[in-house]
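Atoms within each ligand, like the ligands themselves, are counted from 1 in listed order. Sequence positions, counted from 1, serve as the residue numbers for this chain.
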Amino acid sequence: MRPEEQILPALAVPAALQDVLERLCRTGAALSRLIAAGDPARELGASSGEENADGDRQKLLDVIADEAFIDGLRGSAVRYLASEEQESILQMSDGGSLALAIDPLDGSSNIDVNISIGTIFSVYPAAGSAEASFLRPASEQIAAGYIIYGPQTLLVVTHGEGVLKFTLDRDRGCFHPAAAKMAIPPRTSEYAINASNYHHWHAPVRAFIDDMVTGALSRNGQGFNMRWVASLVAEAHRILTRGGVFLYPADRRKGYEKGRLRFLYECAPIAFLVTQAGGSATDGVDDLMRQSAASLHGRTPFVFGSAEKIARVTAYHDLAEAGDAALFGKRGLFRS
Ligand SMILES: O=P(O)(O)OC[C@H]1O[C@](O)(COP(=O)(O)O)[C@@H](O)[C@@H]1O
Ligand SMILES: [Mg+2]
Ligand SMILES: [Mg+2]
C-alpha cells in the first residue's frame with residue numbers, strides 16, 4: 001500500500017475506534033495475501049500440535065492469525081483483548097478505552113480445502129476490570145464485524161448505524177465501500193444447519209427442520225434449500241446478502257449442552273450485525289442481544305437470520321415448553 005493511502009475510509013466513529021478498525025484491516029489484508037498465496041514452506045491448514053482453551057485442535061493459521069492480530073493491536077486503544085486462541089484475557093495497555101474480543105480465524109476446518117474462512121471481532125468500551133469488560137450484555141457492543149477471506153476479501157462492520165461492507169482492493173491494498181448498507185431480506189427459502197447431528201437434536205429443532213425438509217412450512221409448496229459451509233462467517237455473509245436462517249442448536253452430545261459456538265467472539269458480534277441488518281438473533285428462544293457471556297469461552301445455542309423464520313423457531317421452542325410436543329406432528333402448524 002502507498003503510505004499516503006488510508007486502508008479504510010473514515011467512519012462516523014471516535015478516532016480510537018477508527019484506528020482499531022484500520023489496524024484490523026491491515027492485519028486482515030496481510031492474512032488475505034498469505035491465504036491466497038499459501039506458504040511454500042508449510043501447510044497453513046496443518047495442525048499446530050496444540051489445543052486452544054475450548055479443546056479445539058489449533059491449525060497453523062489459527063496461531064499465525066492470532067499472533068498477527070495481537071501484534072497489530074499493540075499500541076492501540078485496546079486495553080483488554082479476548083481471543084479464542086488465548087486461555088485468558090490479555091491486558092494490552094493500562095489506559096486504553098476499548099475491549100476487543102476476536103475469533104482470529106473462523107472456519108479453520110476449511111483452510112486446507114480452500115473454502116471461505118474469516119475473522120470475527122467485537123468491541124466494547126473497556127470497563128473497570130478485564131472480566132467486566134466482556135461478561136456483559138451483547139447490546140453493549142459499540143462495534144462488531146468480520147473479515148471474510150473468500151474469492152473476495154471483504155470487511156463487514158457495524159458501529160450501530162446499519163451494516164457497512166467494504167471490498168479489499170488487493171492491488172492498492174485498501175478497502176472500498178459498497179454503495180448500499182446490507183439488509184437481510186425478511187423472507188427466505190434457505191436454511192443452514194449441520195444435519196448430521198439430527199439424531200442428537202431436541203424435539204423443537206427436529207420438528208422445525210422436519211417441516212423445512214418436507215416443505216410443510218413453505219407457502220407455495222416448493223420447499224426450501226439447504227446450505228452448510230461449516231464456516232460461521234461464510235454462513236453469516238450469505239444470510240446478510242440473500243437471507244436465510246442459521247441454526248447451531250444445543251444437542252444431546254456431551255459438551256454440546258449449549259451448542260458449539262462461543263458467545264463472546266462468535267455469536268455476539270454476528271448477532272449485532274444481523275440485528276443491524278434487520279434480522280433477528282436468538283439462542284432459540286430469547287433475544288441474544290440481551291444476553292451476556294457466562295464465561296470467556298462460554299458457548300450458546302445460536303439461531304439467526306431472516307426475522308420471520310427466527311420467530312418460527314421460537315414458536316416451536318415455546319410449544320415444547322408448554323408441553324405440547326405432540327402438536328409437532330401437525331405439519332405446517334406455523335405456516336403463515
Ligand atoms: O463442524 P461443525 O460442528 O459443523 O461446526 C461448524 C462450526 O464450527 C466453527 O468452525 C467454529 O469456528 P472455529 O473454526 O473458529 O473454531 C464455525 O465457524 C462453524 O459454524
Ligand atoms: Mg469460529
Ligand atoms: Mg477460530
Side-chain angles (χ1 to χ4, degrees), residues 24 27-28 31 35 44-48 50-70 81-87 100-113 115-122 144-150 156 191-201 205 209 226-240 244-271 273-274 281 283 288 293 296-305:
L24 292 171
T27 304
L31 279 178
I35 291 162
L44 298 175
S47 167
S48 74
E50 304 287 328
E51 282 190 358
N52 66 19
D54 206 34
D56 290 341
R57 286 206 192 105
Q58 288 174 319
K59 303 285 172 67
L60 216 47
L61 193 58
D62 285 319
V63 178
I64 293 170
D66 188 44
E67 287 170 358
F69 281 109
I70 293 171
L81 188 145
S83 165
E84 179 189 4
E85 307 306 337
Q86 300 288 329
E87 189 146 1
L100 182 134
I102 191 162
D103 178 348
L105 207 286
D106 176 67
S108 19
S109 70
N110 285 320
I111 299 168
D112 53 356
V113 288
I115 290 175
S116 296
I117 49 182
T119 297
I120 310 174
F121 60 89
S122 162
Y146 58 77
I147 300 171
I148 182 167
Y149 314 104
V156 172
Y191 66 96
I193 191 164
N194 184 341
S196 68
N197 298 321
Y198 182 90
H199 55 294
H200 299 301
W201 295 336
V205 173
I209 297 299
M226 196 196 84
R227 290 283 180 271
W228 187 250
V229 186
S231 184
L232 177 62
V233 272
E235 321 277 8
H237 192 68
R238 187 186 61 250
I239 290 171
L240 280 162
V245 54
F246 171 100
L247 303 93
Y248 209 122
D251 66 46
R252 295 196 176 86
R253 284 174 294 170
K254 195 168 179 322
Y256 284 74
E257 296 82 2
K258 286 182 177 281
R260 169 176 170 82
L261 300 177
R262 279 58 59 100
F263 189 98
L264 189 58
Y265 40 78
E266 292 183 314
C267 304
I270 298 298
L273 288 166
V274 164
D283 61 0
L288 203 99
L296 190 54
H297 298 288
R299 299 179 179 202
T300 179
F302 195 30
V303 179
F304 70 86

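Put simply, the side chain of L81 reaches to within 4.5 Å of the side chain of I102, judged on heavy atoms. Residues F263 and L288 form a side-chain contact, since some pair of their non-hydrogen atoms from C-beta on lies under 4.5 Å apart. Two residues are said to be in side-chain contact when any heavy atoms from C-beta on lie closer than 4.5 Å; D66 and V63 fail this criterion. A heavy-atom distance below 4.5 Å is not found between the side chains of L24 and T119. Residues Y149 and V233 have side chains not in contact (no heavy-atom distance under 4.5 Å, counting atoms from C-beta outward). Looking at heavy atoms from C-beta onward, R260 lies in side-chain contact with D56 at the 4.5 angstrom threshold.
Closest to the Mg ion (ligand 2) among the N, O or S atoms of D106 is OD1. Atom OE2 is the N, O or S atom of E266 at the shortest distance from the Mg ion (ligand 2). Minimum-distance N/O/S atom of D103 relative to the Mg ion (ligand 2): OD2.
In summary, an N, O or S atom of E84 is located under 2.8 Å from the Mg ion (ligand 3). When distances to the Mg ion (ligand 3) are checked against a cut-off of 2.8 Å, L105 contributes an N, O or S atom below that limit.
The ring of F246 has its center closer than 6.0 angstrom to the ring center of W228.
In this structure a side-chain-to-backbone donor-acceptor pair under 3.5 Å is missing from D283 to T300.
Listed by chain and residue number, the protein contacts of ligand 1 are D56, E84, D103, L105, D106, G107, S108, N194, W228, A230, S231, L232, Y248, R260, L261, R262, E266 (heavy atom within 4.0 angstrom).
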